[in-house]
Student: 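The following block contains the structure, expressed as structure tokens.
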Amino acid sequence: MGVGLMYGLWRPRVLGAWRVPASGPVILAVNHSHMIDGPMLMGTAPRPVHFLIKKEAFVGPLDPFLLGIGQLKVDRTTADRTAITNALGVLAGGGVLGIFPEGTRGEGDFASLRAGLAYFAVRSGAPIVPVAVLGSTERRGRLIRALPPLRSRVDVVFGDAFAAGDGSGRRTRKAMDEATVRIQEQLTAHLENAKRLTGR
């Protein structure tokens with residue numbers, strides 16, 4: 001359904017999807033500047049993605065729908081142990097976990113990362129694939145101002161998978177901080193490369 005919706009409303013251009021491992025656990029780390037970034041990735045990724053989504057989005061008919069397609073509810077105001085367990089369960093089962101490492105919508109430039117991505121990557125050992133969604137905030141639509149113009153192009157660029165940990169298996173606070181620095185360097189480099197590649 002996501003594929004039909006995203007390709008029906010906009011014109012996604014997907015680059016590097018082959019870089020997503022065909023099997024086994026993987027984390028997709030996505031920049032986040034518009035509300036369509038998550039649905040766009042769900043509709044264009046080569047494998048089903050389970051996103052950590054703020055609990056405020058699970059309202060009315062969206063609640064059973066999001067849960068039914070495997071999305072994970074998270075309370076961002078606390079250390080949500082249920083969400084953490086569910087996310088690790090996705091990876092333990094060989095699935096794909098989608099994370100907005102910035103924690104919320106912003107400039108989408110990976111300038112400020114929360115520690116959650118490093119924790120999931122180091123704890124599970126799953127590789128991280130950086131993803132840049134570009135073009136969702138360039139212009140506003142005429143019919144619905146909050147959305148990009150209908151049939152406009154949105155680029156989804158997948159990068160090379162990398163390991164967040166240093167290979168030691170350490171899960172100390174220092175190890176997590178070091179992993180976060182490595183992750184930020186990789187994500188920032190991917191975003192710059194994606195912009196060059198797409199001309200955005």
Side-chain angles (χ1 to χ4, degrees), residues 1-53 69-72 87 90-91 93-114 116-118 120-122 124-138 148 152-165 179-200:
M1 186 165 67
V3 173
L5 189 60
M6 292 301 108
Y7 280 90
L9 295 176
W10 295 284
R11 291 186 300 118
R13 179 172 63 168
V14 182
L15 304 173
W18 55 270
R19 292 187 170 100
V20 178
S23 61
V26 63
I27 299 172
L28 301 184
V30 193
N31 67 322
H32 195 23
S33 56
H34 197 282
M35 62 182 169
I36 73 161
D37 295 340
M40 184 62 68
L41 183 61
M42 288 182 211
T44 58
R47 295 173 58 187
V49 184
H50 304 269
F51 261 100
L52 281 165
I53 300 175
I69 61 172
Q71 305 314 304
L72 310 174
V90 166
L91 296 171
V96 180
L97 180 66
I99 293 181
F100 296 118
E102 297 159 291
T104 187
R105 283 201 305 271
E107 295 299 316
D109 56 4
F110 296 124
S112 178
L113 304 190
R114 293 192 173 186
L117 175 55
F120 288 123
V122 173
S124 68
I128 296 172
V129 171
V131 185
V133 179
L134 303 172
S136 56
T137 59
E138 285 182 352
S152 62
R153 196 185 82 208
V154 178
D155 292 322
V156 182
V157 186
F158 295 86
D160 291 319
F162 66 92
T180 298
V181 171
R182 281 191 292 274
I183 291 169
Q184 187 161 33
E185 290 173 350
Q186 293 274 2
L187 297 186
T188 301
H190 171 66
L191 183 60
E192 292 173 356
N193 183 60
K195 287 179 177 179
R196 285 194 298 270
L197 187 63
T198 60
R200 291 196 182 268

Student: Supply the atom-to-atom distance R182 CZ to I128 CD1, rounded to the nearest 0.5 angstrom.
Tutor: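 Nearest 0.5 Å value for the CZ-CD1 distance: 10.0 Å.
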Student: Please collect all salt bridge (charged side-chain N to carboxylate O under 4.0 Å, His left out) contacts where either partner lies in residues 18-27, sequence neighbours excluded, each pair once.
Tutor: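 As it turns out, the salt bridge (charged side-chain N to carboxylate O under 4.0 Å, His left out) pairs with a partner in residues 18-27, which skip direct neighbours, are R19-D160.
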Student: If I compare all heavy atoms of M40 with all of P12, which pair ends up nearest, and what's the gap?
Tutor: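 So the two residues come closest at SD-CG, 3.6 Å.
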Student: Could you walk me through whether V96 and V90 satisfy the side-chain contact (heavy atoms from CB on, under 4.5 Å) test, starting with their C-alpha distance in whole Å, then the side-chain angles of each, then the deciding distance to 0.1 Å, before giving a yes or no?
Tutor: CA-CA 7 Å; V96 180; V90 166; 5.9 Å; no
Student: In chain order, what residues pass the side chain to side chain contact (heavy atoms under 4.5 Å, CB included) check against P48, with sequence neighbours excluded?
Tutor: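 P48 satisfies side chain to side chain contact (heavy atoms under 4.5 Å, CB included) with no other residue.
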Student: If you look at every heavy atom in P101 and L117, which pair is closest and at what distance?
Tutor: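 So the two residues come closest at CB-CD2, 3.6 Å.
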Student: Do V157 and K195 come close enough that some side-chain heavy atom pair is under 4.5 Å?
Tutor: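 Of all side-chain heavy-atom pairs linking K195 with V157, none is under 4.5 Å.
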Student: Please check this pair: side chain of Q186 against backbone of V129, looking for a donor-acceptor N/O pair closer than 3.5 Å.
Tutor: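 Checking the backbone N and O of V129 against the side chain of Q186, no donor-acceptor pair under 3.5 Å is found.
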Student: Distance from D37 atom CG to M42 atom CE, nearest 0.5 Å?
Tutor: 11.0 Å
Student: Could you walk me through whether L52 and Q71 pass side-chain contact (heavy atoms from CB on, under 4.5 Å), step by step?
Tutor: CA-CA 6 Å; L52 281 165; Q71 305 314 304; over 6 Å; no
Student: Enter the distance from L134:CG to L197:CG here, rounded to the nearest 0.5 Å.
Tutor: 9.5 Å
Student: For a quick test of reading the model, state the closest non-hydrogen atom pair linking P25 to P127 and the distance between them.
Tutor: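 So the two residues come closest at O-CD, 3.3 Å.
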Student: Dump the intermediate steps for side-chain contact (heavy atoms from CB on, under 4.5 Å) on T198 and R13, then the final yes or no.
Tutor: CA-CA 9 Å; T198 60; R13 179 172 63 168; 3.6 Å; yes
Student: What is the minimum heavy-atom distance between G16 and F158, and which atoms define it?
Tutor: O-CB, 3.2 Å
Student: Could you walk me through whether V156 and V131 pass the side-chain contact (heavy atoms from CB on, under 4.5 Å) check?
Tutor: CA-CA 7 Å; V156 182; V131 185; 3.8 Å; yes
Student: Roughly how far apart are L28 CG and F100 CZ, rounded to 0.5 Å?
Tutor: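 Here the rounded value is 10.5 Å.
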Student: Between I183 and A118, which heavy-atom pair has the shortest distance, and what is it?
Tutor: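 That closest heavy-atom pairing would be CD1-CA, 3.7 Å.
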Student: Is there a donor-acceptor pair under 3.5 Å between the side chain of R47 and the backbone N or O of P21?
Tutor: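 Between the backbone of P21 and the side chain of R47 there is a qualifying donor-acceptor contact (under 3.5 Å).
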Student: Which atoms form the tightest heavy-atom contact between F51 and G98, and what is the distance?
Tutor: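 Result for this residue pair: CD2-O, 3.3 Å.
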Student: So how far is it from H50 NE2 to I27 CD1, rounded to the nearest 0.5 Å?
Tutor: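 Rounded to the nearest 0.5 Å, the NE2-CD1 separation comes to 13.0 Å.
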